[in-house]
Structure formats: structure tokens, C-alpha cells
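Residues: numbered from 1 along the sequence shown. A quick note: this is a predicted structure, and the numbers were derived from the prediction, not measured.
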Amino acid sequence: MKAYILDRYAKKSALRLGERPDPALRNSDVLIEVHAAGLNLLDAKIRDGEFKPILPYRPPFVLGHDVAGKVVRVGPSARRFKVGDAVYGRPRDGRIGTFAEFIAVDEADVALKPGNLTMEEAASMPLVALTAWQVLVDRAHLSRGQKVLIHAGSGGVGTVAIQLAKHLGATVATTTSAANADLVRSLGADVVIDYKSQDFAALLTDYDVVLNSLDGDTLERSLEVLKPDGKLISISGPPDPAFARAQGLNPVLRLVLRLISRKIRHKAAAKDIDYSFLFMGANGEQLGRITALIEAGDIRPVLDRTFAFADLNAAFAYIETGRAKGKVVVTVKADAQ
């Protein structure tokens, strides 16, 4: 099969289009013919080598964390899907590789594609929607009447998180540029902060939850907007000791992560705020619940641009400009929806 291959870790390096063996199917796998694949900054960070201590993939390997396509074969013990089903999903860590014509995925990581989405729209959703769900539902337990600040509201995670938070009944504030203010308002944002001209920490107070996806300075200033017992949840780091334990990292890495997260953990504790780092995980059951929200019209994808499979490296260059609104997707099989 054709696939984009990472031959070695290197910052901003191009992926090589080449031939790879067709994926081997495990007992509980489904083999998916990839029709579309979403791009994420996580892919770029892995390519650059930033996640080698945590996700030690060995080159050559295929990147890609979001897929939408058709089931073409099922493993001997797979029962949830049949050949011909249109599905989407985020393969679990260690089994990524959606920048290819086919991928084998454990059926537990997959859900039926929302019937009201194209393959490209569906491929834009799994990683960011699961991230939003795991932050706001699983970790924050966000409920009606609470207030949440979602940083970078026009980004991939932000566009879904705003909609999910509104569905949960929360008041939503977000940071974005003035050019994207109308977009985030259309998604449900109640308070829009222009990060270029306004200081969110001076304007917001008594919030229950902050979802941070930005830098360390933004992370620390987010403490100022939270009430005591509030929750500061970061998807951009620094990873904390709980994450290190959950990942089963070795003692040296555990110590390193404890040290690099010490400052924010201590500052949060001094304000009686709970800080945690979240690295999302594959979950087909949760994705099925998200499918129901998409089909009900409560969540819609925000798709910035679609590239041809042949232009995947150009798509990478585009997402790294930081100008994309929502998600960027490559079409792998253009004639099927």
C-alpha cells in the first residue's frame, strides 16, 4: 500500500511517500480502507522528536491519528463492525498510521461514522472531539451553570470544546483573535477575549474550569481566573506525576516530569486549584456518544482546508503556520463518502 513514511526524526522534515506492507490484522481488529485522514499538531511534534521519551516509535513508521473510511476486513474475534461499514476513529498509541491507504485498528477504538458527515468532515473529529470529551466530561465533570475558559477557541480542540461545553450547559469564555470572534460566537462562546489586545486574566473571574492548550505563561496566568477548588487542565503540558504513572514510564522519566511540573503544581495548590495534564486516549465508546451529538446537531465539525493525499507535506506546512481554523484533512480516496 502507499503510505507517508517518517524515515528519521527531524524538525519540519518532509514525510516520504512510499510503499509499505499491508497491515497485519489482529484478532479484534478491523482493517479500514482510509478515505480521509486528519492532521494534528501532535503528528508534527512526534515527527520533530518531541515525544520520543513518552511515545518511542522507531523509524521508519507511518504517522497519522485520525481516520475515516470503510471496513474491508474484520479479525476473527471482532464483532462490532462488518465489511462495508463506514467508520471513524483515533487509533491507540503504538498503532497509529492513518497517512496510508489502509490501517488496522482495534475495534474498541472505532465508531460508526456520523451519517450527516462526509468522510473528510468525519476524519477531522476523533482526536479533537475525544480530547474535549475527556477534559470536560471525564476530568472536569463540567455541569450546567458552571463557567469554563477554553483557550484557543478557533483551534481544532477549541472549536469542539466550545460546542460540547454549551451542550453541557456551561457558560463559555474563549481566547482567540478578533478575526475569529464571529466563528467562536457561532459555536456558542458567551465571552470572547481578543488575546492580542485584551488580558483574559484581568477580565475573567470565578471560573470553575480552564482548558489550556497554549504556553506556560498562559497556563500560569489561567490560575488567576479560577475559583478555589477550580480545575486547570492542560493538554499542552507540563505532564504531571499522575500522567507518568498512568503511562508506566521509567523512574528517571517520572522524576523528570515531577520536576518540570513542580512549579505549576505548587502554584495551583497554593490557590487550592487542581492542576492536571491530560493526554487523550483512543475510545470508540466515547466516540459513539460524540456521534450521537453530531447527528443531533449539537456538535459540528469546523474544517479549514482539505488537501489531496499527494499534498500531505503541504498540509503539514499549513497547520504549522498556526492560521488554521478548526482542522485540516487530507483526502486519501476521493471518490467515496
Side-chain angles (χ1 to χ4, degrees), residues 23-40 42-43 55 62-139 141 156-157 160-161 163-164 167-168 235 246-247 278-296 298-301 327 329 332-333 336-337:
L25 208 60
R26 301 180 187 177
N27 279 347
S28 60
D29 282 356
V30 292
L31 182 65
I32 300 172
E33 180 185 53
V34 180
H35 291 179
L39 277 75
N40 297 279
L42 174 60
D43 296 302
L55 299 172
V62 180
L63 276 169
H65 289 77
D66 281 320
V67 63
K70 292 279 184 73
V71 174
V72 294
R73 192 148 48 94
V74 299
S77 63
R79 296 290 182 269
R80 296 181 58 211
F81 304 97
K82 64 182 185 302
V83 171
D85 281 346
V87 296
Y88 73 145
R90 190 282 205 200
R92 63 189 60 182
D93 295 323
R95 302 198 65 193
I96 64 172
T98 64
F99 300 151
E101 292 180 311
F102 297 92
I103 183 170
V105 183
D106 192 292
E107 66 172 357
D109 301 343
V110 178
L112 291 173
K113 181 182 76 68
N116 57 338
L117 298 188
T118 66
M119 286 290 186
E120 286 79 9
E121 289 170 335
S124 76
M125 295 298 289
L127 185 143
V128 293
L130 286 168
T131 300
W133 185 278
Q134 290 167 18
V135 169
L136 299 179
V137 178
D138 289 353
R139 185 71 58 87
H141 307 294
V157 172
V160 179
Q163 297 176 81
L164 179 58
H167 169 75
L168 296 170
I235 60 173
Q247 291 290 108
L278 185 138
F279 191 82
M280 65 79 59
N283 192 309
E285 186 274 333
Q286 290 178 349
L287 196 56
R289 296 169 72 181
I290 292 164
T291 295
L293 295 180
I294 293 170
E295 292 183 336
D298 294 316
I299 293 177
R300 63 178 174 88
K327 288 293 293 292
V329 169
V332 181
K333 186 176 176 62
Q337 296 298 340

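- Closest heavy-atom contact between V329 and A36: CG1-CB, 4.0 Å.
- Within the model, atoms CZ of F102 and CG of L25 stand 12.0 Å from one another, a figure rounded to the nearest 0.5 Å.
- A pairwise comparison of heavy atoms in A122 and Y88 identifies O-CD1, 3.3 Å as the closest pair.
- Partner of R73 under the side chain to side chain contact (heavy atoms under 4.5 Å, CB included) criterion, out of I32, L31, V30: L31 alone.
- Between the OG1 atom in T131 and the CZ atom in R139 there is a gap of 11.5 Å [rounded to 0.5 Å].
- Going from atom OG1 of T98 over to atom CG of D43 covers 6.5 Å, rounded to the nearest 0.5 Å.
- For D106 (side chain) and A108 (main-chain N/O), a donor-acceptor pair under 3.5 Å exists by modelled atom type.
- Side-chain atoms of D66 and N40, non-hydrogen and from C-beta on, do get closer than 4.5 Å to each other.
- When all heavy atoms are compared, the tightest approach of V160 to A129 is CG1-CA, 3.8 Å.
- With values rounded to the nearest 0.5 angstrom, I290 atom CD1 is found 7.0 Å from M125 atom CE.
- Residue K327 comes nearest to S124 through the heavy atom pair NZ-O, 2.9 Å, listed as atom of the first residue, atom of the second, then distance.
- For the pair I96 and L63, the minimum side-chain heavy-atom distance is below 4.5 Å.
- In this structure, W133 and I299 have side chains that are not in contact, with every pair of non-hydrogen atoms separated by 4.5 Å or more.
- Here the side chains of Q134 and N283 are in contact, with some heavy-atom distance below 4.5 Å.
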For this session: Carefully, step by step, assess V332 and V67 under the rule side chain to side chain contact (heavy atoms under 4.5 Å, CB included).
Result: CA-CA 10 Å; V332 181; V67 63; over 6 Å; no
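- The shortest distance between side-chain heavy atoms of K82 and V74 does not fall below 4.5 Å.
- With respect to R95 and D109, no salt bridge is recorded, no charged nitrogen being found less than 4.0 Å from a carboxylate O.
- Looking at E295, its side chain never comes within 3.5 Å of a backbone N or O of N116 through a donor-acceptor pair.
- Listed here is the closest heavy atom pair of L130 and L287: CD2-N, 3.9 Å.
- Around atom CZ of R26, no more than 12 heavy atoms belonging to other residues, nucleotides or ligands sit under 6.0 Å away.
- Judged purely by distance below 3.5 Å, without hydrogens or angles, the side chains of D138 and Q286 pair a donor atom with an acceptor atom.
- For the pair R90/M280, a side-chain contact is recorded, criterion being any heavy-atom separation below 4.5 Å from C-beta on.
- Here the side chains of F99 and L39 are in contact, with some heavy-atom distance below 4.5 Å.
- No donor-acceptor pair under 3.5 Å is formed between the side chain of N27 and the backbone N or O of P76.
- In this structure, E101 CD and H35 NE2 are separated by 10.5 Å, a value rounded to the nearest 0.5 Å.
- With E107 contributing its side chain and A78 its backbone, the two residues share no donor-acceptor pair below 3.5 Å.
- The NZ atom of K113 sits 7.0 Å away from the OG1 atom of T118 when rounded to the nearest 0.5 Å.
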